[in-house]
Each structure stands twice: as structure tokens, then as C-alpha cells.
Amino acid sequence: MSFRAILRTRSAFVAPTVRPAFTSIRFASGGGAHGHETESYESFNSRYQTFFQSVGDLFELQRGLNNCFAYDLVPSTSVIDAALKASRKVNDYATAVRILEGVKEKVENRGQYQAYLDELKPTIEELGITTSEQLYNKA
């Protein structure tokens, strides 16, 4: 038998490849997969207020904001206050403006947003933050 004949018939001698079966596991589907599933509103606010007070860089601040705003609730003004101060700490003005825009999107109506702005007014003025409405002359 020639070498070419062996190469042509070699595929008949190779065992078929068996792929392992994978099962998917959904960790996000309840069952206690998350440590903060039954967290109270007060402990949520306390956790994020502490987190924003200890932020060291912009990436950490933005990661914390992403996680904080991902919940189906509006963070308290103390959390927003700490986040605004953290944005000043890492010297990122744009993030401070975006925090206020995030609050505007999370609240149910304009009155609630105005209440947040009124309560945060001392911090906003202290840090020299301009809201997007002021930046773009929106009413």
C-alpha cells in the first residue's frame, strides 16, 4: 500500500471526536445566589455611602455608580451626596453632572427630581456643579 493510499484511508481510522456536554447554570435567577437580595433600603444606602466615601479612582467610582443605579430603587440623597463628593475627589466634573442625570432618570416625576436637587443644593453649590438643565438652558 502506498503512502498516499494510507493518507486517504487514514480518516476512516480516526475515532470520532466526542464533545463534552455543557449544562448552563443561571446564578442570577434567585435561590440566594446574591448576597444582597434581601438587603433593606437603609443597609443599601449605608453600603453605597461607605463605598463612595472610600473611592480611590475614576474606574472605581464609575463601577460603583453602575452597580448602585442598576437596582430598582432610587438611592437616598446621602448616597448621591457621597457620590458627588467622590467625583470631585477623583476630579471628574462630567461624572458629577451624569450622577444628577442618573437621578433624574431614576425618579418617577419632575417633582421628586426637584426635591433631590433642593436637598443636595448645598453640595451642588459647594462643588460648583451645574445640572444638565442649566448647561443646556432647559426648563
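If you read the sequence from its start, that first residue is 1, and numbering goes on from there.
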Asks: Can you check whether Q62's main-chain N or O pairs, donor with acceptor, with N66's side chain at less than 3.5 Å?
Replies: no
Asks: Apply the test side chain to side chain contact (heavy atoms under 4.5 Å, CB included) to residues F52 and L84: give CA-CA distance (whole Å), side-chain angles for both, the deciding distance (0.1 Å), then the verdict.
Replies: CA-CA 9 Å; F52 289 127; L84 291 171; over 6 Å; no
Asks: Closest approach of V74 and Y41, non-hydrogen atoms and distance?
Replies: O-OH, 2.8 Å
Asks: Please round to the nearest 0.5 Å and tell me the distance separating atom CZ of R110 and atom CG of L117.
Replies: 8.5 Å
Asks: Go through it in stages, so that I can follow the logic: the residues are E108 and Y113, the test is side chain to side chain donor-acceptor pair (under 3.5 Å), and I'd like the CA-CA distance, side-chain angles, deciding distance and then a yes or no.
Replies: CA-CA 8 Å; E108 292 181 7; Y113 176 62; over 6 Å; no
Asks: OG1 of T131 to CG of L120: how many Å apart, nearest 0.5 Å?
Replies: 12.0 Å
Asks: State whether the side chain of K89 and the backbone N or O of D57 hold a donor-acceptor pair below 3.5 Å, judged by distance alone.
Replies: no
Asks: If we ignore hydrogens and angles and just use 3.5 Å, is the side chain of E125 paired with the main-chain N or O of P122 as donor and acceptor?
Replies: no
Asks: Looking only at side-chain N and O atoms, does T123 offer a donor or acceptor that is under 3.5 Å from a partner on D81?
Replies: yes
Asks: How many angstroms lie between CZ in R47 and CD in E42, if you round to the nearest 0.5 Å?
Replies: 13.5 Å
Asks: Could you give the distance from CD (Q134) to CG (N137), rounded to the nearest 0.5 Å?
Replies: 9.5 Å
Asks: Taking 4.0 angstrom as the limit, do E101 and K104 come out as a salt bridge?
Replies: no
Asks: Could you tell me whether the side chain of T50 and the main chain of S46 form a donor-acceptor pair under 3.5 Å?
Replies: yes
Asks: Can you hop from F59 to I99 via hydrophobic side chains spaced under 4.5 Å?
Replies: no
Asks: Where is the tightest heavy-atom contact between Q112 and V107, given as atom of each residue plus distance?
Replies: OE1-CB, 3.5 Å
Asks: Using side-chain contact (heavy atoms from CB on, under 4.5 Å) as the criterion, point out the one residue from S54, P75, S76, S78 that pairs with Q49.
Replies: S78
Asks: Indicate whether the side chain of T130 and that of Y93 have a donor and an acceptor atom separated by less than 3.5 Å.
Replies: yes
Asks: What pair of heavy atoms forms the shortest contact from V97 to S132, and how long is it?
Replies: CG1-N, 4.3 Å
Asks: Taking atom CZ of F51 and atom CD of E60, what is their separation to the nearest 0.5 Å?
Replies: 5.0 Å
Asks: How many angstroms lie between NZ in K85 and CD in E126, if you round to the nearest 0.5 Å?
Replies: 5.5 Å
